[in-house]
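Only this structure's heavy atoms are used, side chains among them; waters, hydrogens and symmetry mates stay out.
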Amino acid sequence: MRKPILTTALLVVFSFFNARAQDYVKYVNTLQGTHSDFGLSYGSTYPTVGLPFAEHFYSPQTNKNGEGWKYQYQAGEIRGFQQVHQCSPWMGDYAVFSLMPVEGPLKVTDNDRAASFKHANETAKPSYYKVKFDNGITTGITVTERGAHMRFAFTRTKDSYIVFDGYKGNCELQIIPEERKIIGFVTNGTFIPKNFKNHFVIQFDKPFTAYGTWQKQGGVITKGAKTNKGTAVGAYIQFKKGAVVEAKMASSYISPEQAQLTFTRELGKFKNFNETEAAATKVWNTLLGRVAVEGGTEEEKATFYSCLFRANLFSRKFYDLDKDGKPYYYSPYDEKVHSGYMYTDNGFWDTFRAQFPLSNILHPEMQGRYMQSLIDAQQQFGFFPTWSNPGMSGVMVGNHAISLLADAWAKGIRTFDPKQALAGYLHEATNKGPWGGSNGREGWKDYFTLGYVPKGEVYEYGAKTLEYAYDDFCAYALAKATGDTFYQEIFARQMYNYKNLYDPSVGFMRGKLANGEWLPNFDPIEWGGPFTEGNSWQYSWSVFQDINGLVDLMGGDQKVATKLDTFFTTNSNFKVGTYGQQIHEMTEMQLGKMGQYAHGNEPDMHVPYLYNYIGQPWKTQYRVRQIMNKLYNAGPKGFPGDEDQGQMSSWYVISALGLYSVCPGTDEYVIGSPVFNKATITLENGKKFTIVANNNSKSNVYIQSATLNGKVYNHNFITYNDIINGGTLVLQMSDKPNEQRGIEAADKPFSLSAKAR
């Protein structure tokens, strides 16, 4: 039967509003966290244009080639539009090249070609970046998974050029005028393998009126040249005055043929820039819409979706698809080409805490591929990566690849051989790698014989002891879950080594000498020494696997409650310690004004959730909402410290949902206090997990009661299966704490020394 015209019209209207409701990209500001520098980080991010976990990202560049902070909000000029792979300004970038529109006299170097702009003329979204320069040129960027589409709109009055910059390292390029192409490769970066190359192909949609090459040294410009190679070299293309030029590009670490194949596959189907942008926006709307929040303010939604965007960038894919659509990759670990999946650009010291536990909820299929890629990397190099960039870097501390593997297994992601993982980890834990603090295990002999890493040749020995103990727990948990008594027995004792650093006379974790004596002149506000980017106040809580055991050391629930209260409310004074000067993490702690709590760095991000372990969950509920309200926003000063490959964002996302993974390697998420009235997570298996917070508001942060799938629920945690199997967690919120809920032993989250539930 034909429907009445009125009904059809209403359906159109409803569809229109529903489509508008699905525009999650509008909430995302990719300028979040970009107002940063060496001395103070509000995120140290750049306005990334890229698809989720894509192989290549793109960004405007305000700083000189080689500067870690490639885009700073406080800058007033842009020097280029780069292909980027940077996961942290402290690590630098690699495989970089850029394009920049120039009008008037030809200017080629990054210093000379810089053009001024205003933020009012800038649009920064995940799938689209646009800026109109003060000189009238407009530039837009949109992306595919392994490529990009740029658009340059020139004015009508001056000569119009696009300058290609091969960045600081080696570059070989060829201009092919008859095909409107530039092809070649770049080789640049700090931690790249010896024979590493990023092969690129760039094709323009307008004919060239002139072209040539240039080199930075000596400022040489060679008109009409078609080829160039060397260090810090580039090319230029001239177009008709006033042209609107579109440029498509793709890259591959494997070969120029693969770069062209990717170009054809990913960009060939799009007729113009707008089509590419629409497809990229659809990808992001689909992903962001998988965590649909309701209620809250528009500002809170902007913060949430801006953080959800950044939580889904790293680790990036490091593999291509061959002519048959099968994955393969150039390995940064052995410099060979292998079949399968590879991922990179992630520091696990940061991201094991929240970014991977969040991805285990949202992306179990990808996580399964990732776990096998960790095994493959270990087989190819001899050690697990700890901060890949793109291969081994040896940066930071701990052996946290085992945390990722154990956490995936505990949550049912079982795509790898656990015996292979455990054998690789035992090698990791009983050997020192070729360089850096996290290739293998520094101080491993003392750690196994003394039960701790003493002060001596090994730096950050206290932090390493605590993190080794947690990692050994993860190996123990994986062995236990898979019935491997051999490895279980090896690591059963070491996972309690944290106890060897607790000094009851001062009530803190403390550095130790090889003879068993405590490091003299202890002060819990002194940074460095035994600890990494923190002090004893922050590191004394780094016992993720055994909070109850730590509570026993500290004298019981009430004493720990008092200590936690003091931690959040004492002064924010510090001593620079072995750093010798004030570093940005110290400044960020003081700006946070939450005592010795330093959310701007990772070691104590879990601490607000520890009240759940001592019978005072309402204090967790208060603290986590305070942190989210006070320390995060969607603006250029949106983070309280380095964003760190999605960890800072993931902390917010998962906390805003009312959950947190205090101890990755278990199947539990600890309950906090959700920001929104309702959040619906659409899982890969098609099921939905919904968190409802009735009567929620900025003041109603306390949980009065809860049900899980209709049954009364008093525990301070839920399991991964509770989420992944779908269901509904309903919380009744109030501005008054319920001090009778969640206080029984059975309500406490996992702990090795847990009392009987």
Side-chain angles (χ1 to χ4, degrees), residues 349 396-398 437 441-473 493-556 559-560 562-568 570-580 583 585-586 589 595-598 601-607 610 752-753:
W349 183 80
M396 297 309 292
V397 301
R441 179 171 281 185
E442 281 191 322
W444 69 270
K445 291 182 180 179
D446 285 332
Y447 174 79
F448 275 99
T449 57
L450 300 176
Y452 61 94
V453 182
K455 180 182 180 183
E457 296 180 357
V458 176
Y459 293 104
E460 304 170 322
Y461 40 94
K464 287 173 180 172
T465 298
L466 296 171
E467 300 200 32
Y468 294 166
Y470 163 69
D471 290 332
D472 286 351
F473 157 75
R493 179 170 64 89
Q494 278 72 236
M495 62 186 177
Y496 292 103
N497 276 352
Y498 72 89
K499 295 181 179 181
N500 297 324
L501 286 194
Y502 185 77
D503 181 358
S505 70
V506 297
F508 289 92
M509 297 292 177
R510 185 174 180 179
K512 232 174 188 178
L513 304 175
N515 63 7
E517 295 180 2
W518 295 111
L519 195 67
N521 304 317
F522 174 77
D523 192 331
I525 68 169
E526 183 173 328
W527 285 53
F531 304 113
T532 303
E533 299 175 4
N535 61 26
S536 186
W537 257 121
Q538 291 136 25
Y539 258 98
S540 290
W541 309 104
S542 288
V543 187
F544 316 103
Q545 73 276 21
D546 196 16
I547 300 301
N548 282 359
L550 179 64
V551 169
D552 290 341
L553 287 179
M554 289 183 168
K559 286 189 176 180
V560 170
T562 300
K563 194 176 191 73
L564 283 170
D565 291 345
T566 304
F567 177 62
F568 286 105
T570 189
N571 64 61
S572 298
N573 296 338
F574 60 84
K575 294 182 178 179
V576 298
T578 55
Y579 286 103
I583 61 175
E585 290 90 350
M586 301 171 188
M589 179 188 72
Q596 289 294 311
Y597 180 61
N601 211 12
E602 277 70 23
D604 60 354
M605 281 187 171
H606 66 296
V607 178
L610 298 190
L752 278 172
S753 302

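- Not a single donor-acceptor pair under 3.5 Å links the side chain of T570 to the backbone N or O of T566.
- Minimum heavy-atom separation, Y502 to G507: OH-CA, 3.2 Å.
- The closest donor-acceptor contact from the side chain of Q545 to the backbone of M495 lies under 3.5 Å.
- In terms of modelled atom types and a separation under 3.5 Å, the side chain of D604 and the main chain of A598 share a donor-acceptor contact.
- Although no hydrogens or angles enter the test, the distance criterion places a donor-acceptor pair under 3.5 Å between the side chain of Q538 and the main chain of Q596.
- Partner W537 forms a side chain to side chain contact (heavy atoms under 4.5 Å, CB included) with one of K563, M589, M509 and no other, that one being K563.
- Across every non-hydrogen atom of Y498 and L553, the tightest pair is CE1-CD1, 3.8 Å.
- Nearest approach of F531 to N535, heavy atoms of both residues: CD1-C, 3.9 Å.
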Please list, one pair per line, the donor and acceptor atoms closer than 3.5 Å that link side chains of residues 515-527 to other protein atoms, with sequence neighbours excluded.
unit_1, atom_1, unit_2, atom_2, d
N515, OD1, E517, N, 2.9
D523, OD1, I525, N, 3.2
D523, OD2, K575, NZ, 2.8

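- Here the side chain of N500 pairs a donor or acceptor atom with the backbone of G451 at under 3.5 angstrom.
- In this structure, the side chains of Y459 and T578 stay at 4.5 Å or more apart for every pair of heavy atoms.
- Considering only residues two or more places apart in sequence or on other chains, Y461 meets the ring-ring contact (aromatic ring centres under 6.0 Å, His included) condition with none of them.
- There is no side-chain donor-acceptor pair under 3.5 Å between Y468 and N497.
- Applying the ring-ring contact (aromatic ring centres under 6.0 Å, His included) criterion to F544, with sequence neighbours excluded, gives F352, Y470, H606.
- When all heavy atoms of S505 and D503 are compared, the pair lying nearest together is OG-OD1, 2.6 Å.
- Enclosure of atom OH in Y496 by more than 12 non-hydrogen atoms of other residues, nucleotides or ligands within 6.0 angstrom is indicated.
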**Report entry** E585/F574 under side-chain contact (heavy atoms from CB on, under 4.5 Å): CA gap, chis, key distance, verdict
**Finding:** CA-CA 11 Å; E585 290 90 350; F574 60 84; over 6 Å; no
Requested in this report: In sequence, state the C-alpha distance, the side-chain angles, and the governing distance for V560 and F567, and then conclude on side-chain contact (heavy atoms from CB on, under 4.5 Å).
Outcome: CA-CA 10 Å; V560 170; F567 177 62; over 6 Å; no
Query raised in the report: Would V453 and E442 count as a side-chain contact (heavy atoms from CB on, under 4.5 Å) if you check the C-alpha gap in whole Å, the side-chain angles of each, and the deciding distance to 0.1 Å?
Result: CA-CA 9 Å; V453 182; E442 281 191 322; over 6 Å; no
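- Rounding to the nearest 0.5 Å places CE of M396 at 8.0 Å from CD of E602.
- Between K464 and W444 the shortest side-chain heavy-atom distance does not fall below 4.5 Å.
- Using a 4.5 Å heavy-atom threshold, the side chains of F448 and R441 count as touching.
- Here the side chains of L610 and L564 are in contact, with some heavy-atom distance below 4.5 Å.
- How far CG of D552 is from CG of L550: 9.0 Å, rounded to the nearest 0.5 Å.
- For the pair L513 and Y452, the tightest heavy-atom approach, listed with the atom from each and the gap, is O-OH, 2.7 Å.
- Considering only heavy atoms from C-beta on, V458 stays 4.5 Å or farther from Y447 through its side chain.
- The two residues G595 and S572 make their nearest non-hydrogen contact at O-OG, 2.7 Å.
- In this structure, the separation between CD on E467 and OG on S542 is 6.5 Å, given to the nearest 0.5 Å.
- Checked by atom type and distance alone, the side chain of N601 pairs as donor or acceptor with a backbone atom of E533 at under 3.5 Å.
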